[in-house]
Student: 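This is the structure, below, for whatever I ask next.
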Amino acid sequence: MKIHVFDTSEQLDRFAADLFIDLIKSKPDAVLGLATGSTPVGIYAKIVEQAKQQNVSFGGVTTYNLDEYVGLTPDNDQSYAYYMNQHLFSHIDISPERTHLPNGMASDPQAECARYEAMLEERHADIQLLGLGHNGHIGFNEPDSALSAGTHVVKLKNETREANARFFASMDEVPAAAFTMGVGSILKANTILLVVRGAEKASIVKEALTGPVTTQVPASLLQTHPRVIVLLDREAGRMLV
């Protein structure tokens with residue numbers, strides 16, 4: 001595990017973007033595992049900027065997102081499909097057929113989980129981007145006595161819904177469930193890139209990276225992966241010193 005701590009968000013975002021751009025330069029048909037939320041916004045902006053400056057094509061790239069809310073259509077401005085189009089896909093030359101998210105409106109959720117997991121098994125991600133929840137979740141894999149290895153539907157804990165409520169008009173509008181890659185799927189990526197920002201995450205960062213490996217802190221399972229790169233701002237990393 002390699003841990004990098006940055007003084008500014010600009011430095012962190014540029015470092016992360018360079019990892020993606022360098023990968024695509026060396027492997028034009030790379031598979032990217034992508035995340036949403038507030039953490040990756042600056043990274044995606046830098047990827048777009050760097051791709052344009054360096055004339056890097058995403059024409060052969062395939063992407064798979066970690067998760068999607070149950071019950072939101074792709075054109076809902078709080079869906080992750082909408083988020084990805086807004087922050088990345090509409091700004092690069094990637095084919096829509098090569099961008100994949102779970103279908104939040106699937107009539108048969110279990111069939112949708114099986115469909116998505118089958119795609120993930122065809123080609124594992126070269127690099128998987130992750131954020132970290134306040135309770136240690138990655139994707140929407142919430143703390144529990146046991147975790148699902150593959151793509152599944154999860155009932156979101158109240159603390160997760162409360163953390164995401166800032167993106168919605170009210171708490172009542174925050175979906176109660178989501179599709180998510182399982183931890184097993186995440187760990188099959190060649191490289192995992194964990195990005196965490198903010199003083200409020202410092203305690204869970206320490207617990208996830210240096211504490212015992214336990215399903216009660218899903219991110220702690222990243223300790224078992226052979227190639228994890230952790231990018232922290234100074235506040236998120238303050239308890240590791």
Side-chain angles (χ1 to χ4, degrees), residues 20 23 27 29-37 39-40 44 58 60-90 92 94-133 137-144 146-157 160-161 164 167 174-195 215 218-219 221-222 225:
F20 282 94
L23 170 63
K27 188 177 182 181
D29 64 344
V31 177
L32 310 180
L34 300 179
T36 52
T39 298
Y44 292 146
F58 284 72
V61 170
T62 301
T63 69
Y64 294 97
N65 264 75
L66 280 168
D67 39 34
E68 178 60 284
Y69 285 120
V70 170
L72 296 190
T73 60
D75 60 353
N76 185 300
D77 65 4
Q78 295 305 322
S79 74
Y80 291 150
Y82 186 98
Y83 171 106
M84 291 306 306
N85 282 319
Q86 181 183 35
H87 292 291
L88 184 62
F89 297 154
S90 65
I92 56 177
I94 194 167
S95 167
E97 289 74 27
R98 288 182 172 272
T99 64
H100 305 285
L101 296 92
N103 176 10
M105 297 301 292
S107 58
D108 185 338
Q110 295 310 312
E112 176 61 11
C113 290
R115 180 193 73 84
Y116 202 68
E117 188 62 25
M119 287 197 301
L120 297 177
E121 281 299 311
E122 288 178 7
R123 290 178 65 200
H124 298 152
D126 291 292
I127 187 168
Q128 175 65 61
L129 177 62
L130 296 176
L132 177 66
H137 72 248
I138 48 176
F140 274 127
N141 293 281
E142 299 278 27
D144 207 337
L147 297 176
S148 297
T151 303
H152 59 287
V153 175
V154 61
K155 180 180 179 182
L156 301 179
K157 292 187 179 294
T160 297
R161 295 182 67 233
N164 289 352
F167 300 115
V174 182
F179 290 97
T180 186
M181 283 187 201
V183 173
S185 304
I186 291 169
L187 291 176
K188 289 176 182 176
N190 179 55
T191 298
I192 292 176
L193 180 62
L194 178 67
V195 181
T215 59
L221 293 165
L222 298 178
H225 193 280

Student: Test side-chain contact (heavy atoms from CB on, under 4.5 Å) on I127 and L32; report intermediate values, then the result.
Tutor: CA-CA 6 Å; I127 187 168; L32 310 180; 3.8 Å; yes
Student: Less than 4.5 Å apart, any side-chain heavy atom of I186 and any of L221?
Tutor: no
Student: Can you give the donor-acceptor pairs under 3.5 Å from side chains of residues 94-101 to other protein atoms, not counting sequence neighbours?
Tutor:
residue : atom : partner : partner atom : Å
S95     : OG   : E97     : N            : 3.3
S95     : OG   : E97     : OE1          : 2.4
R98     : NE   : G59     : O            : 3.3
R98     : NH1  : G60     : O            : 3.2
R98     : NH1  : T62     : OG1          : 3.1
T99     : OG1  : P96     : O            : 2.9

Student: Could you check if a side-chain atom of L193 sits within less than 4.5 angstrom of a side-chain atom of F20, using non-hydrogen atoms only?
Tutor: yes
Student: D67: what forms a side chain to side chain donor-acceptor pair (under 3.5 Å) with it, not counting sequence neighbours?
Tutor: none
Student: Rounded to the nearest 0.5 Å, what's the gap from CG on L222 to CD1 on I138? Could you check?
Tutor: 4.5 Å
Student: At their closest point, which heavy atom of R161 faces which heavy atom of V174, and how far apart are they?
Tutor: NH2-O, 2.7 Å
Student: For L156 versus A178, what's the shortest heavy-atom pair and its separation?
Tutor: CD2-CB, 4.2 Å
Student: Do T39 and L130 touch side chain to side chain, with heavy atoms closer than 4.5 Å?
Tutor: no
Student: Check the pair F58, T63 against side-chain contact (heavy atoms from CB on, under 4.5 Å), reporting the backbone distance first and the verdict last.
Tutor: CA-CA 10 Å; F58 284 72; T63 69; over 6 Å; no
Student: Supply the atom-to-atom distance I192 CD1 to L187 CG, rounded to the nearest 0.5 angstrom.
Tutor: 5.0 Å
Student: Report the distance from atom OG1 of T215 to atom CD of E142, rounding to the nearest 0.5 Å.
Tutor: 12.5 Å
Student: Measure the shortest side-chain to side-chain distance between L129 and P40 over non-hydrogen atoms and say whether it is less than 4.5 angstrom.
Tutor: yes
Student: With respect to K188, which candidate in H124, Q128, E121 satisfies the side-chain hydrogen bond (donor to acceptor under 3.5 Å, both in side chains) definition?
Tutor: E121
Student: Should Y69 and F140 be marked as a ring-ring contact (aromatic ring centres under 6.0 Å, His included) after you check the CA-CA gap, both sets of side-chain angles, and the distance that decides it?
Tutor: CA-CA 10 Å; Y69 285 120; F140 274 127; 5.8 Å; yes
Student: Side-chain contact test, heavy atoms from C-beta onward, threshold under 4.5 Å: evaluate it for F89 versus L34 and give yes or no.
Tutor: yes
Student: Work out which heavy atom in F179 is nearest to a heavy atom in G104; give both atom names and the distance.
Tutor: CE1-CA, 3.9 Å
Student: Determine the minimum heavy-atom distance between N141 and G182, stating which atoms define it.
Tutor: OD1-CA, 3.6 Å
Student: Taking the side chain as everything from C-beta on, heavy atoms only, tell me whether H137 gets closer than 4.5 Å to V154.
Tutor: no
Student: Which atoms form the tightest heavy-atom contact between Y44 and H87, and what is the distance?
Tutor: CB-O, 3.6 Å
Student: Any non-hydrogen side-chain atom of Y83 less than 4.5 Å from a side-chain atom of N65?
Tutor: no
Student: Do you know which two heavy atoms are closest between G150 and S185, and how far apart they sit?
Tutor: CA-OG, 3.7 Å
Student: Between atom OG1 of T36 and atom CD of Q86, what is the distance when rounded to the nearest 0.5 Å?
Tutor: 12.0 Å
Student: Report the distance from atom NE2 of H152 to atom CE of M181, rounding to the nearest 0.5 Å.
Tutor: 12.0 Å
Student: Could you check whether any side-chain heavy atom of N103 comes within less than 4.5 Å of a side-chain heavy atom of E68, counting everything from C-beta outward?
Tutor: no
Student: Around atom NZ of K27, are there more than 12 heavy atoms of other residues, nucleotides or ligands at under 6.0 Å?
Tutor: yes
